[in-house]
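Everything below concerns the one structure shown next.
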Amino acid sequence: MTAVYVYGILGADAQLPEGLTGLGPSEKVSTVVHGDLAAIVSDVPTDRPLGTRDDLIAHEAVVDAAAAATAVLPMRFPAVVEESGVVEELLAPHHDRFVAALQDLAGRSQYTLKGRYEEAAVLGEVLEEHPEIRELQREIHGLPEDATYHQRLRLGELVVSAVEERRDAEAEQLLAALEPHVAGAVTRTPPQPDDVVDAAFLVEHGHAQAFEDAVEQLGERLHGRVRLRLLGPLAPYDFVPGVEE
Amino acid sequence: MTVATQRQGGGGGYVERGGSSSSLADVVELILDRGLVIDVFVRVSLVGIEILTIDARIVVASVDTYLRFAEATNRLDLYAKGGKDLPDLVEGMTEGGAKGKTAGVLDAAVDKVDDVLTRKREDREPEEVPRRRPQRRAREREE
């Protein structure tokens with residue numbers, strides 16, 4: 001029984017770019033076709049565990065190269081399946097859903113936008129707006145850390161909640177400003193209180209320039225308060241069909 | 001995708017740009033946390049392939065978060081005692097090294113991933129390493 005690594009799925013008539021390097025010992029990348037779909041596959045290393053840095057990069061590089069040429073549904077790492085399973089368990093049972101998803105993604109790319117507050121700027125704003133936080137900060141000032149553990153905890157809690165309140169409002173404005181340029185958006189709750197936004201956008205190729213310009217304008221407007229980082233164009237990792245039982 | 005690198009550096013420069021191949025952290029987050037998942041891949045053990053478990057998600061205890069923000073706020077205490085204008089203060093703090101501290105948590109996770117992954121890192125964004133270094137000290141101090 002042979003294991004196969006799956007990088008992503010594309011249309012059966014789509015052309016796979018030349019010169020892709022797989023993560024298996026043969027380094028070859030090929031496709032398995034079923035109906036209107038093709039899975040991008042390779043062999044799998046069997047003499048070592050999968051999941052090294054090079055494996056991750058190989059996965060991403062293959063998906064990326066394919067996505068630059070055509071619509072792709074990128075798999076999440078690690079996608080290993082028994083050889084017969086590529087058709088029997090992956091392509092055949094989900095055929096129509098994947099075909100529809102690929103049609104929906106045609107001519108579109110993903111961008112991911114992340115924003116983080118400049119620490120001093122946002123904390124300054126919070127202090128200015130919340131007298132009770134200033135008061136607590138004054139109380140603690142100059143005292144040893146050990147003696148003020150609980151006050152410091154309380155201070156941090158108040159600051160975090162004030163920052164989060166602020167960023168929620170801010171994120172809403174950011175998304176509203178970009179909305180006219182995008183075909184879809186997925187937002188995540190940012191991992192840290194001072195992360196303003198973590199959002200993925202699906203953008204028509206024809207609107208890419210307008211979208212990038214709009215992001216740049218936001219960056220200019222927020223300069224000094226929020227640092228924006230834009231990744232993309234990317235394969236549509238955030239816009240693949242969800243898991244279906 | 002390919003266009004990313006060609007476009008880099010264009011525009012007014014208020015937004016940091018990166019293609020998908022910009023950093024290991026971005027790669028890890030994208031391909032481990034996003035993308036298509038089908039039930040069949042959960043059963044990888046059936047084909048006898050060992051998979052390294054890499055958890056890209058970061059769980060930070062809220063206590064640590066609170067203390068981190070308390071510390072950062074206390075570094076702004078000039079505002080409380082000096083009555084200095086806020087813009088001056090903000091400018092001073094930004095230059096004074098408060099910057100970047102908050103990036104430590106995600107970077108910590110990337111350090112961890114790096115530990116798990118192979119040590120070869122010559123082919124991708126070598127400048128990322130020195131950029132992360134100073135925060136290591138900050139994290140130790142918090143512990």
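These numbers come from a predicted model, not from an experiment. Residue numbers start from 1 in every chain, and the chains themselves are labelled A, B, ... in the order their sequence lines are given, proteins ahead of strands.
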Gap between atom OH of B:Y66 and atom CG of A:L155 - 0.5 Å precision: 12.0 Å
Within 6.0 Å of NE2 in A:H130, more than 12 heavy atoms from elsewhere: yes
Leading residue by heavy atom contact count with chain B [cutoff under 4.5 Å; candidates A:F239, A:Y149, A:Y237]: A:Y237
Residue pair B:R68 / A:P193: nearest heavy atoms and the distance that separates them: NH2-CD, 4.4 Å
Atom pair CD1 (B:I31) and CG (A:L56), whose distance is rounded to the nearest 0.5 Å: 4.5 Å
Check against side-chain contact (heavy atoms from CB on, under 4.5 Å), B:R34 and A:R188: CA-CA 12 Å; B:R34 324 283 214 262; A:R188 287 158 187 273; 3.0 Å; yes
Segment of A:F98 engaging chain B (4.5 angstrom heavy-atom cut-off): side chain
Least distance between heavy atoms, A:R76 atom then B:L32 atom: CD-O, 3.3 Å
Test log, rule salt bridge (Lys or Arg N to Asp or Glu O under 4.0 Å), inputs B:E29 and A:K114: CA-CA 13 Å; B:E29 188 181 323; A:K114 300 186 181 215; 2.8 Å; yes
Segment of A:V215 engaging chain B (4.5 angstrom heavy-atom cut-off): both
Part of A:R225 lying under 4.5 Å from any heavy atom of chain B: neither
Side chain, backbone, both or neither of A:D47 within contact of chain B (heavy atoms, under 4.5 Å): neither
Engaged part of A:I140 at the chain B interface, taking heavy atoms whose separation is under 4.5 Å: side chain
Top contributor to chain B interface from A:R154, A:H59, A:E145 [non-hydrogen pairs under 4.5 Å]: A:H59
Region of A:L222 in contact with chain B, defined by heavy-atom distances below 4.5 Å: neither
For B:L30 against A:Q110, the heavy-atom pair lying closest together: CD2-NE2, 4.4 Å
Residue pair A:Q137 / B:N74, side-chain heavy-atom distance below 4.5 Å: yes
Gap between atom CD of A:E119 and atom CZ of B:R75 - 0.5 Å precision: 5.0 Å
Closest contact, heavy atoms only, B:L36 versus A:V240: N-CG2, 3.5 Å
Heavy-atom closest pair, residues B:A72 and A:L123: CB-CD1, 3.5 Å
